[in-house]
Amino acid sequence: MDRREAVLRELNLYPLWRLRDQPAQMAVNPLPVGADAEPVVPVAAEVKAVVATAVNAPAPLSHSPSIAGVRGELSDLGWPELKQQVRNCTDCRLRAGCTQTVFGVGDEKADWLFVGEGPGADEDAQGEPFVGQAGRLLDNMLMAIRLKRGNGVYIANIVKCRPPDNRTPAADEIAQCLPYLQRQIELIQPKMIVALGKVASNALLGRDATLASLRGKLHDYRGIPLVVTYHPAYLLRTPSEKAKAWQDLCFGVDSMAAK
Ligand code: URA
């Protein structure tokens, strides 16, 4: 089995692909993954129909005035200063329980920004987001849409420190940490944000919504298109949902192409 087949199998897509010389079943071919195959996932056509539906989300999470005041200085920081600030941050309880901060990784001028929830054990040990099992799946999801970590892609998390026992970060921890990501986004100026999972989606969109209600819509994060999909860790636990994640990725690619 070659690498591409392995990726497609991992994403539960393999039976959905056919050779190019077979009759076309769909007009849209957003994500060819190789010279001899193209997707026949009908959803790519469906999502195209809704691609024009930009959902005007409310402003991102509003912080208390005190936090906004404390974070005001971030807007002047460049990459080295921002990295230093995150490294030295002790503003919430998470720092005391983690090994190191996990800033983010990738192309600092990336078109694509993928945002997860927070570091897990592997990320805490290595200082890089999505390097464990969920990270391997994320890399394969990127590969399926012809993207690669570090090449036009930046990967970051909502919180920079590992929550104890991988618990969901608390609202105040998110509120403290989010300005760092907001500054990263200002510096990167991505053309598309992919929020991975409910926590990242709600934090960026300032919502408290189900992932199901957020999927399949083109959201707006401060003028940047944002799509929502499942967190890779959830997909590892629920592989039957991988096809829906594929729909979401196709939607993101289509949305980029339509710009
Ligand atoms: N899960 C996340 O949300 N982020 C990581 O970096 C790793 C796992």
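We use all heavy atoms of the structure for the numbers below, so side chains are in, but hydrogens, waters and symmetry mates are not. In each ligand, atom 1 is the first atom listed, and ligand 1 is the first ligand listed.
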ask   = Can you pull the residues with any heavy atom under 4.0 Å from ligand 1?
value = G116, E117, G118, E123, P129, F130, N157, H231

task = Using side chain to side chain contact (heavy atoms under 4.5 Å, CB included) as the criterion, list what pairs up with A209, not counting sequence neighbours.
result = N202, R207, S213, L214

request  = For Q133 and R136, test the side chains for any donor-to-acceptor distance below 3.5 angstrom and give the result as yes or no.
outcome  = no

remark   = Residues passing the side chain to side chain donor-acceptor pair (under 3.5 Å) test with D124, sequence neighbours excluded, are T99

ask   = Given the side-chain rings of Y180 and W79, with only the six-membered ring counted for Trp, is the space between their centroids under 6.0 Å?
value = no

key: Non-neighbouring partners of E186 that pass salt bridge (Lys or Arg N to Asp or Glu O under 4.0 Å), sequence neighbours left out   = R183

message = For the backbone of L187 and the side chain of E108, can you confirm whether one donor and one acceptor N or O come within less than 3.5 Å of each other?
response = no

